[in-house]
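Here the structure is a predicted model, which is why all the values come from computation and not from measurement.
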Amino acid sequence: MDKMNNAKTIFFDVDDTLYDHLQPLRGALQDVLGLPDDFAYAEAYHRFRYYSDWLSAQEDLSAVPEPDAVERMRRRRFELTMEEFKIPLQPGQADELQARYLSRQFEIVPFEGAYALIRRLQAEGHTVGLITNGEGEHQRRKLEALDVLSLVDEQLIFISGMTGYAKPDRRLFEHVSKKSGTNAHASYYIGDSWRNDVVGAVDAGWTVIWFNHRDAEPETDHQPHFVVRNYEEIGHILTFECVQQ
């Protein structure tokens with residue numbers, strides 16, 4: 001393969017794309033509420049992510065939001081999620097859930113095949129980076145827990161809390177292109193969130209691979225270019241795409 005002629009820019013989301021974001025939530029719910037192993041954790045995760053995004057929009061949380069607004073959103077998303085499952089929270093439990101959830105986010109491992117794919121893409125001459133929403137120091141601690149800073153050039157890691165833009169704002173993707181010296185037409189984005197990843201990257205003119213490993217439903221009329229369930233499928237698509245002229 002002619003690496004120079006076929007070189008692409010490939011960025012990955014982090015939460016629930018690079019690692020399983022459900023595990024910290026499951027652990028927090030079990031620790032605080034004593035929920036059984038057969039509880040509908042996957043469904044609860046869907047609703048938790050929905051309320052996280054919805055409340056963030058309601059609170060108008062920007063890339064550098066007010067701390068009080070963030071804490072209010074974090075508590076309320078647990079309250080609303082558990083209400084749907086007929087488990088009303090007692091006073092203080094939302095705060096305890098949030099604390100356990102945050103602490104467990106540093107006990108994480110990458111999805112099977114994720115790092116092997118990144119190493120292969122790098123060896124083939126492609127630019128590989130990460131784009132993630134969140135407060136800067138918190139997201140960095142996750143990246144350290146994942147040991148991804150030894151794999152991906154820090155100049156190619158973009159955290160919304162450190163850039164001034166947050167997904168799905170297309171300006172974040174434009175900022176990434178400018179800083180990395182790459183072109184949207186040759187850029188790919190892999191992410192799990194329809195609202196943040198698919199909408200943001202499609203609007204920015206990137207090629208989008210929707211990592212829909214939780215069987216989520218589309219929320220808008222945006223069209224991802226590919227839909228996958230695992231890293232093997234991501235690898236197959238990128239192998240095909242990256243040999244095209």
Which pairs with one or both residues in [range] pass salt bridge (Lys or Arg N to Asp or Glu O under 4.0 Å), sequence neighbours excluded?
range            : value
residues 169-178 : D169-R171, R170-E174
residues 213-222 : D16-R214, D20-R214, R195-E219, D215-R229
residues 102-111 : D31-R104, R104-E107

Residues that, via side-chain heavy atoms closer than 4.5 angstrom, fall in one hydrophobic cluster with V109: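 None, because no other hydrophobic side chain comes under 4.5 Å of this residue.
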Any donor-acceptor pair under 3.5 Å linking the side-chain atoms of D147 with those of S150?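 Yes, because at least one side-chain N or O of S150 sits under 3.5 Å from a partner of the opposite role on D147.
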Output the distance between atom [atom1] ([X]) and atom [atom2] ([Y]), rounded to the nearest 0.5 Å.
X    : Y    : atom1 : atom2 : value
T132 : H138 : OG1   : NE2   : 9.0 Å
N196 : L172 : CG    : CG    : 10.0 Å
Y231 : L238 : OH    : CG    : 10.0 Å
F85  : Y41  : CZ    : OH    : 11.0 Å
W194 : D197 : CH2   : CG    : 11.0 Å
Q223 : W210 : CD    : CH2   : 10.5 Å

Using the side-chain contact (heavy atoms from CB on, under 4.5 Å) criterion, which residues pair with N230? Sequence neighbours excluded.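 Partners of N230 by the side-chain contact (heavy atoms from CB on, under 4.5 Å) criterion, ordered by chain and then number, come out as E232, E233.
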Kindly give the heavy-atom pair with the smallest separation between [X] and [Y], and that separation in Å.
X    : Y    : result
Y115 : L146 : OH-O, 2.8 Å
A204 : A184 : O-CB, 3.7 Å
R26  : D37  : NH1-O, 4.1 Å
L156 : F11  : O-CE2, 3.2 Å
V176 : S180 : O-OG, 2.6 Å
V199 : P168 : CG1-CB, 4.2 Å

Excluding sequence neighbours, so at least two apart, what forms salt bridge (Lys or Arg N to Asp or Glu O under 4.0 Å) with [X]?
X   : value
E71 : R74
R49 : D192
R47 : E84

[Y] reachable from [X] in the ILVMFWY side-chain graph, under 4.5 Å edges:
X    : Y    : value
M82  : M73  : no
V208 : F211 : no
V14  : V148 : yes
V32  : L102 : no
L80  : L22  : no

What residues, two or more places apart in sequence or in another chain, satisfy ring-ring contact (aromatic ring centres under 6.0 Å, His included) together with H225?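 Checked H225 against ring-ring contact (aromatic ring centres under 6.0 Å, His included); zero matches.
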Please confirm whether the backbone N or O of [Y] pairs with a side-chain atom of [X], one donor and one acceptor, at under 3.5 Å?
X    : Y    : result
Y189 : I131 : yes
T81  : F78  : no
N133 : K167 : yes
T182 : T9   : no
E124 : H126 : no

Are F173 and F158 near enough that their ring centres are under 6.0 Å apart?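 Here the rings of F158 and F173 have centres that are no less than 6.0 Å from each other.
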Side chain to side chain, [X] and [Y], heavy atoms closer than 4.5 Å:
X    : Y    : result
P24  : F106 : no
Q122 : R120 : no
L29  : L25  : yes
F12  : I118 : yes
F240 : F226 : no
I159 : L130 : no
K8   : Y188 : yes

Parallel, tilted or perpendicular: which describes the rings of Y50 and W54, with under 30° parallel and over 60° perpendicular?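 Rings of Y50 and W54: parallel, under 30°.
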Using 30° and 60° as the class boundaries, would you call the ring planes of H21 and Y45 parallel, tilted or perpendicular?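 Judged by the thresholds at 30° and 60°, the geometry between H21 and Y45 is perpendicular.
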The criterion is side-chain hydrogen bond (donor to acceptor under 3.5 Å, both in side chains); which residues satisfy it with R140, sequence neighbours excluded?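 R140 satisfies side-chain hydrogen bond (donor to acceptor under 3.5 Å, both in side chains) with E154 only.
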Sequence neighbours excluded, which residues qualify as side-chain hydrogen bond (donor to acceptor under 3.5 Å, both in side chains) partners of R75?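 If we apply the side-chain hydrogen bond (donor to acceptor under 3.5 Å, both in side chains) test to R75, skipping adjacent residues, there are no hits.
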Candidate pair L151 and R119, rule side chain to side chain contact (heavy atoms under 4.5 Å, CB included), full reasoning: CA-CA 8 Å; L151 180 64; R119 291 189 184 96; 3.5 Å; yes
Determine whether Y51 and R76 satisfy the following criterion, side chain to side chain contact (heavy atoms under 4.5 Å, CB included), listing intermediate values before the conclusion. CA-CA 8 Å; Y51 283 122; R76 190 62 179 144; over 6 Å; no
Might you work through the salt bridge (Lys or Arg N to Asp or Glu O under 4.0 Å) test for E144 and R141, ending with a clear yes or no? CA-CA 5 Å; E144 290 168 358; R141 287 183 62 195; 5.9 Å; no
Check the pair S177 / W206 against side chain to side chain contact (heavy atoms under 4.5 Å, CB included), numbers first and verdict last. CA-CA 10 Å; S177 294; W206 291 36; 3.6 Å; yes
Going by the side chain to side chain contact (heavy atoms under 4.5 Å, CB included) test, name the single residue among I209, I190, T207 that passes it with I237.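 In the set I209, I190, T207, the residue that makes a side chain to side chain contact (heavy atoms under 4.5 Å, CB included) with I237 is I209.
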Table please: side-chain donor-acceptor pairs of residues 86-100 below 3.5 Å, with sequence neighbours left out.
| unit_1 | atom_1 | unit_2 | atom_2 | d |
| --- | --- | --- | --- | --- |
| Q93 | OE1 | Q90 | N | 2.7 |
| Q98 | OE1 | R77 | NH2 | 3.0 |

